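Note that the structure is predicted; figures quoted are calculated from it, not measured.
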Amino acid sequence: MENTYLKKLDKSVLFIIGVFSILSILFIYSSQGTGHYGEQNFALQQGGSYLIGFGLLIAVAYLNPEQLERSA
């Protein structure tokens, strides 16, 4: 069984999302280097949020559009 749902994903959009997410994590990491925020690691929290969002993206891409119409 071939994973055709992954082929439907637009590779350029995924690339742009990946670049922006990496840049935002780097910017957050560099901005919290001043030490004003204590021991909280906002870059790690942002990375976790991106992983959850990417997992949801893959899950929704797996769904059939007709299934989404019926459940809406």
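Residues that satisfy the side-chain contact (heavy atoms from CB on, under 4.5 Å) test with F54, not counting sequence neighbours, are L14, L57, I58. Taking S71 as the reference, nothing meets the side-chain hydrogen bond (donor to acceptor under 3.5 Å, both in side chains) condition, with sequence neighbours excluded. Under the rule for a side-chain contact (heavy atoms from CB on, under 4.5 Å), V60 has no partner lying at least two apart in sequence or in another chain. In this view, E69 satisfies the side-chain contact (heavy atoms from CB on, under 4.5 Å) rule with no residue, not counting sequence neighbours. Applying the side-chain hydrogen bond (donor to acceptor under 3.5 Å, both in side chains) test to S24 and every residue at least two apart in sequence or in another chain returns Y50.
Under a 4.5 Å side-chain heavy-atom cut-off, the cluster of Ile, Leu, Val, Met, Phe, Trp and Tyr residues that includes L56 is completed by I52. Using a 4.5 Å cut-off between side-chain heavy atoms of Ile, Leu, Val, Met, Phe, Trp and Tyr, L44 forms no hydrophobic cluster with any other residue.
Contact of the Q45 side chain with the I28 side chain is not registered, since no non-hydrogen atoms from C-beta on lie closer than 4.5 Å.
Contact detail for G47 and I25: the closest heavy-atom pair is CA-CD1, 3.7 Å.
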